[in-house]
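Chain letters run A, B, ... following the sequence lines, proteins first and then strands; every chain starts at 1. All values below were derived from every heavy atom in this structure, side-chain atoms included, with hydrogens, water molecules and symmetry-related copies excluded.
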There are 2 protein chains.
Amino acid sequence: MTSTTVPQGPPKRRRDRAAREREILEAAERIFGERGYQGTSMDDVAAQVGVSKPLIYQYYGSKDGLFLACLARLRGHLLDTVADAVMAAPDAEDALYAGFLAWFRFLDEHPQAWSVLVDEGMLSAGPAAEATDEVRAAFIELIAQMVRMNLPAGRPVDDDEVQIVAQSISGATERLAIWRTRAATPPTPEKVARTLQDLLWQGLHTLKTT
Amino acid sequence: MTSTTVPQGPPKRRRDRAAREREILEAAERIFGERGYQGTSMDDVAAQVGVSKPLIYQYYGSKDGLFLACLARLRGHLLDTVADAVMAAPDAEDALYAGFLAWFRFLDEHPQAWSVLVDEGMLSAGPAAEATDEVRAAFIELIAQMVRMNLPAGRPVDDDEVQIVAQSISGATERLAIWRTRAATPPTPEKVARTLQDLLWQGLHTLKTT
DNA sequence: GTCCGGAACTTACTCGTAGTAAGTTACTCG
DNA sequence: CGAGTAACTTACTACGAGTAAGTTCCGGAC
């Protein structure tokens, strides 16, 4: 009877680093999504994974680091979804609508992912701020490209204006998403996307005349 | 020589409650503005005022409570400034521009006030969330009223659409403000206000035909 | 004056959580 | 088998939010 002493139910012992990192990331996404950044402690995550806290620190460096990893993954996923919708649209006008629609639908379908994204404002201080800006910047860039699609090719583009418009759209869609989650009976994604498109479509053309 | 024992340099001893509350609030605004919500400890504020921490808790209840008090005051100030500019404008088109301009100018002139306002996202958890929503709701309402000013009186107003537009504008202006503080050479308030107005003005009229 | 009631204020804690130092266990390759 | 290394843990420190229980001072009643 040398061994066979403690055959635990879950045979979850040592895993290699990549597998553990994935496991931790999934748990973190879930818990951050449920309880928010502040409401989640590293001990919670560690306990959920069945691992000790320092291991998470070894892999992710800090609480901000772990949160950022979640954020980057989720936002990447969202970005892909929206970008696909935009690319699939037949023309610029449809692309605008399709992009908005994909955005709001994704957030309806992944509510806890969205909770994480909302909390990104959390990291406004510290070196994490730049990281979140980078993550968001990919989105702004997608929007900026869509905006440029609307401008005739020959004209000189005022980059400041493109930036202003892209930032505006980014801010508008984020606030609308937050508002929809809080509202008692939020309008459908279609309705919101349609209204936004109506609001912006004409104005986007005035840029080229400036 | 009954008294005259300890004539300290700064004769800051007991003050009545209202005066102390003001003093604490001013210090808190300054420190929150400089270091952000996370970066500020209650001990910092207490030390700055020259008072002990429990006194602040007695007056403001919690860190969130203190922060909210700052927030409400600053946002009220900002709201008044923008509302005044909107009201003073001769027509709806000017009102839109004037409102945006007042907003961006105020934030340029009160950078640390703005830092506090940016951090409000911080309070996405807990009972403080509703309070910040209330504070923001006043702004949304101002915008919604401006939007309604653009619609002909006789038509039935789609309240959902008005809300969507108001939320969008609120989100756009907030994100633009954040972007301007981070950008190396941000465009002038006039430029941003002008571009935003161009972007939105035409679209605002399409609402009435929906 | 002096006594007393309450408001202003403090000392000295508890508790929870981010983060770390130093050590231990198990897998792997010669 | 034995050594090296990656995976992992125990047992802390540090610090900040929030609190219990007390102390000091002022202003009015007699």
Nearest whole Å is fine: how far is D:dC12 C1' from A:Asp43 CG? 13 Å
Which heavy-atom pair separates B:Pro187 from A:Ile164 by the least distance, and what is that distance? CG-CD1, 4.1 Å
If the cut-off is 4.0 Å, is A:Arg20 near the phosphate of D:dC8, judged by side-chain N/O to OP1 or OP2? yes
What nitrogen or oxygen pairs link the protein and nucleotides 9-11 of chain D at under 3.5 Å?
residue: D:dT9; atom: OP2; partner: A:Ser52; partner atom: N; Å: 2.6
residue: D:dT9; atom: OP2; partner: A:Ser52; partner atom: OG; Å: 2.8

Under a 3.5 Å cut-off for both contacts, is C:dG30 paired Watson-Crick or G-U wobble with anything, and if yes, with which nucleotide? D:dC1
Rounded interatomic separation in angstrom, taking CD from A:Glu23 and C1' from D:dA7: 13 Å
Begin with the C-alpha distance, continue with both residues' side-chain angles, and end with the deciding distance and a verdict on side chain to side chain contact (heavy atoms under 4.5 Å, CB included) for A:Glu190 and A:Phe104. CA-CA 8 Å; A:Glu190 287 78 10; A:Phe104 291 111; over 6 Å; no
Value for CZ (A:Arg180) from OG1 (A:Thr185), rounded to nearest 0.5 Å, stands at 10.5 Å
In 5'-to-3' order, the base (B), backbone-only (S) or no-contact (-) status of each nucleotide in nucleotides 24-30 of chain C, using a 4.0 angstrom heavy-atom cut-off, is -BS----
From the candidates D:dA7, C:dT17, D:dA17, the one with an atom nearest any side-chain atom of B:Met42 is D:dA17
Would you kindly give the OH-to-P distance between B:Tyr60 and D:dT19, to the nearest whole Å? 17 Å
Which residues, if any, of residues 24-34 of chain B bring a heavy atom under 4.0 Å of DNA chain C? none
Does A:Lys63 count as lying over the ring of A:Tyr37, i.e. NZ or CZ under 6.0 Å from the six-ring centre, within 45 degrees of the axis? yes
Salt bridge present between A:Arg20 and A:Asp16 (N-O < 4.0 angstrom): no
Please state how far atom OH in B:Tyr57 lies from atom P in C:dA12, giving the value in whole angstrom units. 19 Å
Nearest-0.5 Å distance that lies between atom CG in B:Leu25 and atom CG in B:Leu66: 7.0 Å
Rounded to the nearest 0.5 Å, what separation is found between the CZ atom of B:Arg194 and the OG1 atom of B:Thr188? 11.5 Å
Using a heavy-atom cut-off of 4.0 Å across all strands, would you classify B:Tyr59 as base, sugar-phosphate, or nothing? sugar-phosphate
Could you tell me how far apart B:Ile56 (CD1) and D:dG16 (P) are, to the nearest whole angstrom? 14 Å
Starting from C1' on C:dC9, measure out to CG on B:Asp16 and report it in whole angstrom. 14 Å
Which of B:Thr195, B:Ile169, B:Val192 passes side chain to side chain contact (heavy atoms under 4.5 Å, CB included) with B:Phe100? Answer is B:Ile169
From A:Thr173 atom OG1 to A:Trp103 atom CH2, the distance as rounded to the nearest 0.5 Å: 4.5 Å
In sequence, state the C-alpha distance, the side-chain angles, and the governing distance for A:Glu174 and A:Arg75, and then conclude on salt bridge (Lys or Arg N to Asp or Glu O under 4.0 Å). CA-CA 12 Å; A:Glu174 287 189 24; A:Arg75 202 169 256 275; 3.6 Å; yes
So CG of B:Asp159 and CZ of B:Arg148: to nearest 0.5 Å the spacing works out to 5.5 Å
Expressed as a whole number of angstroms, how long is the span from A:Gln38:CD to C:dG16:C1'? 13 Å
